[in-house]
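Note sheet for the following structure.
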Amino acid sequence: MKFFADTAVVEEIAELNELGIVDGVTTNPSLILKSGRDILEVTKEICDLVDGPVSAEVVATTADEMIAEGRKLAKIADNIAVKVPLTWDGLKACKTLSSEGNMVNVTLCFSANQALIAAKAGATFISPFIGRLDDINLDGLDLIADIRTIYDNYNFKTEILAASIRTVNHVSECARIGADVMTAPPSVIKKLASHPLTDNGLEAFMKDWAKTGQNIL
Ligand code: E4P
């Protein structure tokens, strides 16, 4: 499963990049706001830092305007994936932009039927939002599993990009189900390395080591 960083903060991406675990980045208008940066400038910096797809989202609501914005965003770098919302106009923009050779990430997906029609409209990535479904007492992971089954039934090449990930369990469950990609905030990605038994075990080893009076270096 590929790991995308769900952030527009360059320093956070650079820190994860030290381990070579960033396969791509997703941003959205809220994350751009949080970064406090100009969208074109910060997206360019992120594209220079990361080899994989960097999603940059359009903000227009009509297909023609989305296409114009998407073309401008796609000019930032070769690894831009234009992000469009899962509306009828968004699907029209998806069709045009993907036919022109751009990667397109169709976002704000909350049902299997939405994922099905996005794949048929040429989406490179479909972004089902797990956490936001959980927030309204539905099961976001069930949606990932349904889309996996449907895409496999018909050999759709659209990649399932599990989004709105809030917990480390979301990550392992997405991997178990077979999501192609997961995008998570850097704080969640860093938590994947944590376990209280690791901390306890290390503390005990350090105490015993101190008692030996030895040094390795
Ligand atoms: C994905 O592309 C979105 O940017 C993101 O995962 C949304 O997450 P949220 O529901 O936590 O805002």
Side-chain angles (χ1 to χ4, degrees), residues 1-10 12-13 16 21-37 39 42-43 45-47 49-50 52-61 66 69-70 73-74 76 79-87 90-91 93-94 97-98 102-111 114-115 118-119 121 123-144 147 158-175 177 179-192:
M1 183 168 69
K2 284 176 265 191
F3 277 21
F4 286 5
D6 199 25
T7 179
V9 177
V10 176
E12 291 182 343
I13 299 164
L16 296 175
I21 57 171
V22 182
D23 301 305
V25 172
T26 50
T27 66
N28 64 36
S30 304
L31 292 173
I32 295 293
L33 173 68
K34 214 167 150 187
S35 76
R37 299 283 311 275
I39 183 171
V42 75
T43 305
E45 275 180 40
I46 295 170
C47 287
L49 195 60
V50 172
V54 174
S55 289
E57 188 159 344
V58 301
V59 291
T61 52
M66 284 188 218
E69 288 182 354
L73 292 171
I76 295 174
N79 53 336
I80 284 286
V82 179
K83 208 171 179 190
V84 301
L86 215 159
T87 58
L91 291 175
C94 172
L97 291 165
S98 61
N102 300 296
M103 290 186 282
V104 180
N105 176 358
V106 180
T107 190
L108 289 167
C109 171
F110 294 96
S111 78
Q114 286 183 311
T124 316
F125 301 102
I126 183 69
S127 289
F129 276 35
I130 298 174
R132 294 192 195 189
L133 283 167
D134 289 358
D135 287 345
I136 58 164
N137 292 328
L138 295 173
D139 191 332
L141 289 166
D142 278 353
L143 176 59
I144 302 294
I147 300 171
T158 300
E159 292 191 43
I160 301 173
L161 197 174
S164 188
I165 284 190
R166 308 268 172 78
T167 68
V168 290
N169 287 347
H170 280 157
V171 178
S172 50
E173 282 303 299
C174 282
I177 293 164
D180 300 290
V181 191
M182 73 88 200
T183 189
S187 57
V188 173
I189 294 177
K190 288 180 77 176
K191 271 191 208 146
L192 295 175

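Remember, it's a predicted structure, so these values are computed and weren't measured experimentally. When a ligand or atom number is given, it counts from 1 through the structure's own listing order.
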Main-chain N/O of Asn169 paired to Glu173 side chain as donor or acceptor, under 3.5 Å: no
side-chain hydrogen bond (donor to acceptor under 3.5 Å, both in side chains) against Arg166, all qualifying residues, sequence neighbours excluded: Asp135, Ser164
Inter- and intrachain pairs under salt bridge (Lys or Arg N to Asp or Glu O under 4.0 Å), touching residues 181-191, at least two apart: Glu15-Lys190
Side chain Asn102, main chain Val104, donor-acceptor under 3.5 Å: no
Ligand 1: protein N/O within less than 3.5 Å of ligand N/O:
residue  : atom   : partner : partner atom : Å
ligand 1 : 2 (O)  : Lys83   : NZ           : 2.7
ligand 1 : 4 (O)  : Asp6    : OD1          : 3.0
ligand 1 : 4 (O)  : Asn28   : ND2          : 2.7
ligand 1 : 4 (O)  : Lys83   : NZ           : 3.4
ligand 1 : 6 (O)  : Asp6    : OD2          : 2.7
ligand 1 : 6 (O)  : Ser164  : N            : 2.7
ligand 1 : 10 (O) : Arg132  : NE           : 2.6
ligand 1 : 10 (O) : Arg132  : NH2          : 3.4
ligand 1 : 10 (O) : Ser164  : OG           : 2.7
ligand 1 : 10 (O) : Arg166  : NH2          : 3.1
ligand 1 : 11 (O) : Arg166  : NE           : 3.2
ligand 1 : 12 (O) : Arg132  : NH2          : 2.8

Under the side-chain contact (heavy atoms from CB on, under 4.5 Å) test, residues paired with Ala123 that sit two or more places apart: Cys94, Val106, Ala118, Thr158
Flag, side chain of Asn79 to backbone of Val50, donor-acceptor distance under 3.5 Å: yes
